[in-house]
A.B. asks: 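Input: one structure, supplied below.
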2 protein chains.
Amino acid sequence: MIRNAEMEVNVVAQLEPVAVAGNPAAETKLGRKRDHTRDPEILAAALAVLAETGFDGMTIDMVATRAKAGKATLYRRWPSKNELVIDAVACMKQGDLDPDRLPDTGTLRGDLVAMIKPRSIEDAEKKMQIMAGLMSMLSATPEMADAANNAIVKPRAAANRFLMQRAVDRGEISPTCDIDTLCLVTPSMAAYRTLIERKPVDRDFLITLIDGVLLPALGLRGDTDPARRGKVAPPAS
Amino acid sequence: MIRNAEMEVNVVAQLEPVAVAGNPAAETKLGRKRDHTRDPEILAAALAVLAETGFDGMTIDMVATRAKAGKATLYRRWPSKNELVIDAVACMKQGDLDPDRLPDTGTLRGDLVAMIKPRSIEDAEKKMQIMAGLMSMLSATPEMADAANNAIVKPRAAANRFLMQRAVDRGEISPTCDIDTLCLVTPSMAAYRTLIERKPVDRDFLITLIDGVLLPALGLRGDTDPARRGKVAPPAS
DNA sequence: TCTATACGATACTGTGGAGTTCCGGATCTT
DNA sequence: AAGATCCGGAACTCCACAGTATCGTATAGA
């Protein structure tokens, strides 16, 4: 499900022999080279299994089977299940939220509404499933918590912060607003709705958040007219 | 750590012989009776282990040891680990959030601030740990999801809703406010902060939420914001 | 007192998964 | 071509834990 074939892979343990001075055997590697183009496929398989079964329900065999790889291959590249999962989560950054590609409609509400796309919702939902599968080990493995936070929540919060900051810069909202807190409202409440309430994070819910929480808290009047709800402002440019 | 010794215990499988008409053996039970006063201790031990290790890391032996009970005793009362945990979660309702005992200071801000007590924070933190430990199985076991939602989040949201509704009733805030959404802001963001960000949910954070998110969204001016920004429509009469 | 049962403690069984090892075949370097 | 290393696949070891069985002891009712 990961489309970005050139996804950057930061394998935690590279497992390559250290080039020790005076050790000629370490300088040139003979034999077949490791096919690193398969790393992303394996990590994607790990993410898929993780989302479906959670960390504890996931087995290395499941990942290997789904990636059409051998279990030994996985252990040649990652020293343990833990490190494989940490790597998989860390490598799932997705470019949907680059500041360059964010909407720019001229109003904060237009920008926020324009970010609601079926693709974006679906993507967020899958990330939430992964987060749920990781939850139990976050307290025991801080590296996992950091990886999850950096890959799943921070990018979305950063996008919201960017849009809000731009609204501040053009004078739409007051610079005294607590943007750092408010940009976390949507991710937090979407997570709660998905993981605990088990209700869908659909367009209506997100519009409710924007008009009932975010904009009022920023000193703007939410659009309370149901007839106008969901209308996206015409693209700027 | 559960002080309420009279905690109600809804054992899922009571395991008592059904009094079948015509079966004399089922009517009178001989021998030593089961000591049901120990049920709460066992469930409390299960909750403690659950919070510390998560569901998958928790073993029946850990619970038995902490409860100073034998493993067989646990299996005499609950048919499986799953049912024990469901029962433990369902029985953890705590009376700190009765509508009768909620603060009544005359203003919504006063009420919300008055709910910030060290005891309350500590209690919420432990519940969050339990929730994290359950996360991975919520999707697989709906009964668990319901038990967790009912015992952990719903009571707090209900308390917030009660305070906000009272503010509506006395005309402090507009009845058009989306109270059902706003009463979930604090629990959601506290959960995010605890479980993913791994920062403490302290008094400062909660005050920030109240003054930077909740009150502005309800059309009230937060305490820390000196500038009077966009005004929300006055209460409809 | 006698009997049936609960109790804590401990040993035991069965299963499932992490991690390892080996195999035949493929692919790279020299 | 030859040797080294990778590959997928499968068998293997090791261990932790759910659940069961059995012990001697304690306590309830008859």
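FYI, side chains are in, hydrogens and waters are out, and symmetry mates aren't considered; it's all heavy atoms of this structure. This one's a predicted model, so the numbers in the text were calculated from it and none came from an experiment. Reminder, nothing fancy here: chain letters follow the sequence lines and each chain counts from 1.
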A.B. asks: According to salt bridge (charged side-chain N to carboxylate O under 4.0 Å, His left out), who are the partners of B:Arg32, at least two apart in sequence or on a separate chain?
C.D. replies: none

A.B. asks: Can you see if the side chain of A:Lys33 gets near the phosphate of C:dT29 - specifically, an N or O under 4.0 Å from OP1 or OP2?
C.D. replies: yes

A.B. asks: For D:dC6, does OP1 or OP2 lie under 4.0 Å from any side-chain N or O of A:Arg76?
C.D. replies: no

A.B. asks: Can you find a donor-acceptor pair, distance only, under 3.5 Å between B:Arg32 side chain and C:dA6 base?
C.D. replies: yes

A.B. asks: What's A:Ala72 touching, base or sugar-phosphate or nothing? Going by heavy atoms closer than 4.0 Å.
C.D. replies: base

A.B. asks: Toward the 5' end of DNA chain C, which comes first, B:Gly31 or B:Ala67, by nearest nucleotide?
C.D. replies: B:Gly31

A.B. asks: Mind calculating the distance between CG (A:Leu30) and C1' (D:dA1) to the nearest angstrom?
C.D. replies: 15 Å

A.B. asks: Can you tell me which residue among A:Leu209, A:Leu214, A:Ile207, A:Asp211 is in a side chain to side chain contact (heavy atoms under 4.5 Å, CB included) with A:Leu112?
C.D. replies: A:Leu214

A.B. asks: Not counting sequence neighbours, which residues clear salt bridge (charged side-chain N to carboxylate O under 4.0 Å, His left out) with B:Glu125? List them please.
C.D. replies: none

A.B. asks: Looking at B:Arg38, does any N or O in its side chain come under 4.0 Å of the phosphate oxygens OP1/OP2 on C:dG8?
C.D. replies: yes

A.B. asks: Restricting to side chain to side chain donor-acceptor pair (under 3.5 Å), what partner residues turn up for B:Thr194, sequence neighbours left out?
C.D. replies: none

A.B. asks: For residues 179-190 of chain B, please give each side-chain donor-acceptor pair under 3.5 Å, one per line with the distance, not counting sequence neighbours.
C.D. replies:
{"residue": "B:Asp180", "atom": "OD1", "partner": "B:Arg161", "partner atom": "NE", "Å": "2.9"}
{"residue": "B:Thr181", "atom": "OG1", "partner": "B:Asp178", "partner atom": "OD1", "Å": "3.2"}
{"residue": "B:Thr181", "atom": "OG1", "partner": "B:Asp178", "partner atom": "OD2", "Å": "2.7"}
{"residue": "B:Ser188", "atom": "OG", "partner": "B:Leu184", "partner atom": "O", "Å": "2.7"}

A.B. asks: Please identify each residue that fulfils salt bridge (charged side-chain N to carboxylate O under 4.0 Å, His left out) with A:Lys71, with sequence neighbours left out.
C.D. replies: A:Asp61

A.B. asks: Without decimals, in angstroms, what is the distance between B:Leu74 CG and C:dA6 C1'?
C.D. replies: 13 Å

A.B. asks: Nearest-Å distance, CG (B:Asn82) to P (D:dA18)?
C.D. replies: 11 Å

A.B. asks: CG of A:Asp35 versus C1' of C:dT29: gap in Å, rounded?
C.D. replies: 17 Å

A.B. asks: Give me, pair by pair, the N or O atoms of the protein and of nucleotides 14-18 of chain C that are less than 3.5 Å apart, along with how far apart they are.
C.D. replies:
{"residue": "C:dA18", "atom": "OP1", "partner": "A:Met58", "partner atom": "O", "Å": "3.1"}
{"residue": "C:dA18", "atom": "OP1", "partner": "A:Lys81", "partner atom": "NZ", "Å": "3.1"}
{"residue": "C:dA18", "atom": "OP2", "partner": "A:Ile60", "partner atom": "N", "Å": "3.2"}

